[in-house]
Peer 1: 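There's a structure below that I have some questions on.
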Amino acid sequence: MTPLPSSPRINVDRFNAILSETTPAAAYLGIKAERIGVGEAVLRIAFASAALRSGGTYSGPALMALVDACMYAAVLGVRGDDPRPVTTNLAITFLRRASARDLIAQCRLLSCDSDFAVGSIVVHPFGIEEETVCTSTCTYALPPRTSNDG
């Protein structure tokens, strides 16, 4: 594993700006970063009809977008202000129907080398950590660093 930086290489405001610029679906769904650390991130999806499917439950695509954005935040927390890392694999297990409230995704990187980052993501309703809605593992391909990278 490549040594991790001592502090996050991107802040929440800059990440949210990148997410809004590069992933309009995340803005449409109300996905925002709340905290980014070194190799970890916490994102929220605001409860809204845009994220629901018939029956009033969160749609799978909305949950996958939340998971993917959370992994992206954790990766940029290590890599910095570089929008080039991309998803190469995302596996998700849905465990229960989500409550009608905001959801929180928490990502922790399990591995991060020069080519790939692998993370574990857990999603739960805001304020109810014990009600896991889904779990995921996600792999991102990391582009080669340039001479401007830290």
Side-chain angles (χ1 to χ4, degrees), residues 1-53 57-96 98 101-126 129 132-150:
M1 186 159 155
T2 303
L4 297 178
S6 57
S7 61
R9 291 196 168 160
I10 196 167
N11 66 41
V12 167
D13 291 336
R14 179 63 187 137
F15 174 79
N16 285 333
I18 288 173
L19 190 64
S20 179
E21 293 164 10
T22 63
T23 315
Y28 177 75
L29 291 169
I31 297 172
K32 295 241 186 237
E34 294 200 335
R35 186 172 56 82
I36 298 174
V38 176
E40 61 182 25
V42 176
L43 272 69
R44 178 189 297 243
I45 186 170
F47 184 75
S49 62
L52 305 180
R53 66 174 176 84
T57 190
Y58 274 91
S59 69
L63 293 173
M64 287 183 256
L66 174 63
V67 162
D68 190 50
C70 196
M71 177 68 178
Y72 191 43
V75 168
L76 294 192
V78 171
R79 297 281 295 192
D81 191 344
D82 178 0
R84 297 177 303 148
V86 294
T87 311
T88 59
N89 187 54
L90 190 150
I92 192 164
T93 302
F94 299 101
L95 301 172
R96 66 172 43 95
R101 62 190 322 146
D102 291 5
L103 297 180
I104 301 295
Q106 297 174 297
C107 178
R108 183 175 56 89
L109 292 185
L110 304 173
S111 174
C112 188
D113 62 30
S114 60
D115 298 318
F116 295 98
V118 178
S120 173
I121 303 96
V122 175
V123 176
H124 60 82
F126 176 72
E129 287 188 37
T132 302
V133 171
C134 60
T135 63
S136 178
T137 55
C138 190
T139 304
Y140 260 56
L142 307 176
R145 291 191 180 269
T146 66
S147 59
N148 296 335
D149 294 338

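The first residue in the sequence is number 1, and the count goes up from there.
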Peer 1: How long is the straight-line distance from CG of Asn89 back to OG1 of Thr137, given to the nearest 0.5 Å?
Peer 2: 6.5 Å
Peer 1: Sub-3.5 Å donor-acceptor pair from the side chain of Arg96 to the main-chain atoms of Thr132, do we have one?
Peer 2: yes
Peer 1: Is there a donor-acceptor contact under 3.5 Å from the side chain of Tyr140 to the main chain of Asp68?
Peer 2: yes
Peer 1: Is the shortest side-chain heavy-atom distance between Leu95 and Cys134 below 4.5 Å?
Peer 2: no
Peer 1: To the nearest 0.5 Å, what is the distance between CD1 on Ile121 and CG on Leu90?
Peer 2: 6.5 Å
Peer 1: Which atoms form the tightest heavy-atom contact between Thr57 and Ala98, and what is the distance?
Peer 2: OG1-N, 4.2 Å
Peer 1: With heavy-atom distances below 4.5 Å as the criterion, would you say the side chains of Leu142 and Ser114 are in contact?
Peer 2: no
Peer 1: Can you tell me how far apart CD1 (Ile10) and CG (Asp81) are? Round to the nearest 0.5 Å.
Peer 2: 4.5 Å
Peer 1: Please report the shortest heavy-atom distance between Pro8 and Val38, naming the atom on each side.
Peer 2: N-CG2, 3.4 Å
Peer 1: Using the side chain to side chain contact (heavy atoms under 4.5 Å, CB included) rule, take Met71 and Thr139 through it: C-alpha gap first, then chi angles, then the decisive distance, then the call.
Peer 2: CA-CA 8 Å; Met71 177 68 178; Thr139 304; 5.9 Å; no
Peer 1: If we ignore hydrogens and angles and just use 3.5 Å, is the side chain of Tyr72 paired with the main-chain N or O of Pro83 as donor and acceptor?
Peer 2: yes
Peer 1: Under 3.5 Å, side chain of Asn16 to main-chain N/O of Lys32, donor-acceptor pair present?
Peer 2: no
Peer 1: Check Cys107 against Ala74 and note the closest heavy-atom contact, atom names and distance.
Peer 2: SG-CB, 3.7 Å
Peer 1: Would you say Ser120 and Thr135 make side-chain contact, with heavy atoms under 4.5 Å?
Peer 2: no
Peer 1: Is Arg79 reaching over with its side chain to a backbone N or O of Pro143, donor-acceptor style, under 3.5 angstrom?
Peer 2: yes
Peer 1: In Å, rounded to the nearest 0.5 Å, how long is the span from NE2 of His124 to CG of Leu103?
Peer 2: 9.0 Å
Peer 1: Would you check if Leu66 and Tyr58 make a side-chain contact, meaning some heavy-atom pair closer than 4.5 Å?
Peer 2: no
Peer 1: Any non-hydrogen side-chain atom of Ile36 less than 4.5 Å from a side-chain atom of Leu76?
Peer 2: no
Peer 1: Is there a side-chain contact between Ser136 and Leu63 in this structure, where contact means two heavy atoms from C-beta onward sitting under 4.5 Å apart?
Peer 2: no
Peer 1: Identify the heavy atoms of Ala33 and Leu43 that sit nearest to each other, and give their distance.
Peer 2: CA-CG, 3.5 Å
Peer 1: Donor-acceptor check, side chain of Arg101 to backbone of Phe126, threshold 3.5 angstrom: yes or no?
Peer 2: yes
Peer 1: Run the side chain to side chain contact (heavy atoms under 4.5 Å, CB included) test on Leu52 and Phe47 for me, step by step, so that the C-alpha distance in whole Å, both residues' side-chain angles and the decisive distance to 0.1 Å come before the verdict.
Peer 2: CA-CA 9 Å; Leu52 305 180; Phe47 184 75; 3.8 Å; yes
Peer 1: Contact between Val123 and Ile92 at the side-chain level, heavy atoms closer than 4.5 Å - yes or no?
Peer 2: no
Peer 1: Indicate the atoms forming the closest heavy-atom contact of Cys70 with Ala105, along with that distance.
Peer 2: SG-O, 3.4 Å
Peer 1: If you compare all heavy atoms of Ala46 against all heavy atoms of Asp102, which two are closest, and at what distance to 0.1 Å?
Peer 2: CA-OD1, 3.4 Å
Peer 1: Tell me if a side-chain donor or acceptor on Arg14 pairs with a main-chain N or O of Gly80 at a distance below 3.5 Å.
Peer 2: no
